[in-house]
Amino acid sequence: MKIIYLITFIFILFITSSAYSPRNENLNACDKLDEYVNSIYSEEQFLNYSDVKACYELTPYNETKAIEIIDAVKENLKGFYVFLDQAKEQPNSWFTFRPIDLISELDLILKNNYSYEFQFIYDVADLIGELRDGHTWLSSSNYHKYTFYQGLSLYSVIKKDCTQQIKVFNDVDPSTIDCQVIDIDDRPAIDVIIEFAKNNTSWSRDLSVRFNSALASLSFGNGDFHIFGQLFTLRTQLPKNPNISYTLNCNNKISKITREWQVPINDKSNIIRQYKSPYISGTSVGKATLIFDAFIARFYILQDFGVVLISTETILNDDDNLKYRFLSDIIVGFKLLADKGIEKIVLDLSNNGGGDVFVAHYINKLLFPNIQNFPLDMKVNNISMPFIEEVSKLKSQVGALFHYKTFISINTDKSFNSVMKFIGNNTYTRGGIQLKFTSKAFLDEASIYGGTLELPTPPKLPWTEKDIIILTNGICISSCSIITQRLAEINVPTISVGGFPNTRFSFASSSGGASFSTDSIVTYLTQLKNLDNSLISNLTFPSNLTLDFTMAEAYSIKNTNEVLDFSFRPADYQLYYDERSARDPSYLWIQAAKYIGK
Ligand SMILES: *[C@@H]1O[C@H](CO)[C@@H](O)[C@H](O)[C@H]1NC(C)=O
Ligand SMILES: *[C@@H]1O[C@H](CO)[C@@H](O)[C@H](O)[C@H]1NC(C)=O
Ligand SMILES: *[C@@H]1O[C@H](CO)[C@@H](O)[C@H](O)[C@H]1NC(C)=O
Ligand SMILES: *[C@@H]1O[C@H](CO)[C@@H](O)[C@H](O)[C@H]1NC(C)=O
Ligand SMILES: *[C@@H]1O[C@H](CO)[C@@H](O)[C@H](O)[C@H]1NC(C)=O
Ligand SMILES: *[C@@H]1O[C@H](CO)[C@@H](O)[C@H](O)[C@H]1NC(C)=O
Ligand SMILES: *[C@@H]1O[C@H](CO)[C@@H](O)[C@H](O)[C@H]1NC(C)=O
Ligand SMILES: *[C@@H]1O[C@H](CO)[C@@H](O)[C@H](O)[C@H]1NC(C)=O
Ligand SMILES: *[C@@H]1O[C@H](CO)[C@@H](O)[C@H](O)[C@H]1NC(C)=O
Ligand SMILES: *[C@@H]1O[C@H](CO)[C@@H](O)[C@H](O)[C@H]1NC(C)=O
């Protein structure tokens, strides 16, 4: 099992194999949706809001089942969620989230009376979302099954006088593009987006980053540019109302449009992220010229500096050959920049949702061969201990988070001699409670990849921390933050783009820890031989629900007791999107390069 760090986007592509069958009047609302989705004759390729709502409303709230769900969520969190107690602490004042005693608040949800099951599930998911931990969320394959879409996406620009506007970034109706959005459902658009970012987004503890995630911006990934974020106009929960209205100012003409929520299916599910920028082609971005494409990275030259885009996405099918090729190609790209005498580099990791930790570690070592990555630890208690002990008995599990041989001790710089040495004897106080944690340890690269990926020895690259600058929009999650946080600790300067006027904000989110999910726990419950029956029944997770959570926390190298996830680290500089730079990142690269060596 390989450790991946990842934000999942629930854009479900449906299986279209089943044959079309004539409409059966006895089908219920959900079967009808399935039939429509599977029908090769469906021309519209959208489901409508009311039909999905009718399907979700087929299942009434069942209190007995709700209690079972809450119990399983609580037990898994108690056993494994590394921030359960730190989440109760008052946040650093720069962050926007409230302290949460998750266990007691989960119990409070059971005091509510719901009509339908989905309302209960959404409340549990919203509460977990209030942690604002980008690694931790609840998803239901029943009630997060569809993606609701407005047909348009919004963005924010800062004007010369520092005022902020919400505008239309992209729309199926091109006549609204770049119109200013004055009101949303008759309230000032900016207030509506900020409130949504506060209450209903959870990729970061920093509100500026969440504001960026509510809106659309460009992202490099899967070998191309596409739209990322746009959480305000792209939902996985059934919205409360069937439509949203937008009051627009287009060239001083005021108009009001109303958009129904639509659920794109089949071929149409691609339109959600598609965007064709007039300034981006296969060989250039604005005036920047592509000199090498490593698929998960791109290398450009602009004026006298280099630009490197890096996507740490999980490589398709975990294919080791592909990974080998992409990573060796990254060496080629950097070497080319060096050979061309490029002295300054902008590393653009905007809208990087995480992915493969190995890629992140690899890039750090490539640029700075002597740096060590962040150490981790996990909770030790009577729920997690049996997993650590039993998994550690299985050779096949070397590389899994529960296996002691996945790690290297920070004290000895060697593998642990025994599972007991890994479990160690460390007690820290978190949220006012004394808790036990494993010995702090580095991930052992060789064990994560079983030593199969023997990459070429990288050349010595000419750049130091004074020659590089990091550019993100704060949405640089998980493995991405392993790069940016680590390089920032050796004084590579950072810039974040977007957010609010004159408000410096985080350049990374959900920093460094490792995520896990109840799907993997459930698999272990059936595979591990010596688990207590009551432990098995307590942890068994309801079918069609998955809880993802941070299992390992990362510590700073510079301040050894600082848990990265909870430290506010604003970027050194802030840039803004405008009508051009939001569509042509080379405008941001030129501004960013001016800060190199400052
Ligand atoms: C949604 O679908 C239902 C049934 O297919 C139909 O009656 C209704 O008119 C549709 N609503 C819209 C807004 O298209
Ligand atoms: C409610 O849920 C419980 C436990 O999952 C189940 O045994 C029971 O049949 C459900 N009741 C109804 C009315 O569906
Ligand atoms: C919950 O609401 C339903 C109607 O939605 C009602 O019939 C039931 O009595 C309520 N239960 C409680 C405990 O309030
Ligand atoms: C957002 O959260 C605040 C505080 O919990 C609440 O007062 C407000 O009604 C919420 N707004 C929305 C739109 O959910
Ligand atoms: C936003 O979150 C609040 C709880 O914090 C929830 O009541 C509300 O329904 C959510 N709104 C949307 C639009 O998801
Ligand atoms: C939008 O939804 C509201 C219900 O929230 C409904 O009353 C209204 O008719 C809808 N407007 C349009 C244009 O569909
Ligand atoms: C596990 O630990 C908790 C608290 O440390 C304790 O309350 C509980 O009884 C323990 N359970 C078992 C089975 O030992
Ligand atoms: C663990 O540490 C505590 C105090 O920190 C000490 O009393 C105890 O003996 C230690 N246990 C082991 C097994 O080292
Ligand atoms: C299972 O849960 C029950 C009730 O919360 C608790 O008493 C028991 O100790 C748990 N079992 C284990 C092995 O943790
Ligand atoms: C789980 O999902 C499958 C596939 O969507 C569905 O057939 C099944 O009824 C669901 N089970 C529950 C308990 O919701």
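Note that the coordinates shown come from a computational prediction; the quantities given were computed from them, not determined experimentally. In each ligand, atom 1 is the first atom listed, and ligand 1 is the first ligand listed.
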Within 4.0 Å of some non-hydrogen atom of N241, the atoms of ligand 6 are 5 (O)
Partner of F211 under ring-ring contact (aromatic ring centres under 6.0 Å, His included), picked from Y155, F196, F500, is F500
Within the 4.0 Å heavy-atom cut-off around ligand 4, the contacting residues, ordered by chain and number, are E195, N199
Residues passing the side chain to side chain donor-acceptor pair (under 3.5 Å) test with N170, sequence neighbours excluded, are none
Item to check | Flag side-chain contact, heavy atom, 4.5 Å: W203 against R210 | outcome: no
| request: Please determine if K379 forms a cation-pi arrangement with F437, meaning its NZ or CZ atom is less than 6.0 Å from the six-membered ring centre and no more than 45° off the ring axis. | output: no
Taking the six-membered ring of F83 as reference, does the NZ or CZ atom of R205 fall below 6.0 Å from its centre and within a 45° cone about the axis?
yes
One finds that the ligand 9 atoms under 4.0 Å from a non-hydrogen atom of L535 are 13 (C)
Residue pairs meeting salt bridge (Lys or Arg N to Asp or Glu O under 4.0 Å), one or both in residues 87-96, sequence neighbours left out, come to D85-K88
Report yes if N243 has an N/O atom closer than 3.5 Å to an N/O atom of ligand 6; otherwise report no. yes
Establish, yes or no, whether the cationic atom of R504 lies under 6.0 Å from the six-membered ring centre of F507 and within 45° of the ring axis. no
Counting from 1 in the order shown, the ligand 6 atoms closer than 4.0 Å to a non-hydrogen atom of E260 are 14 (O)
Residues pairing under salt bridge (Lys or Arg N to Asp or Glu O under 4.0 Å) where one sits in residues 121-140, two or more places apart or in two chains, turn out to be R98-E130
Any nitrogen or oxygen of D532, side chain or backbone, less than 3.5 Å from one on ligand 9? no
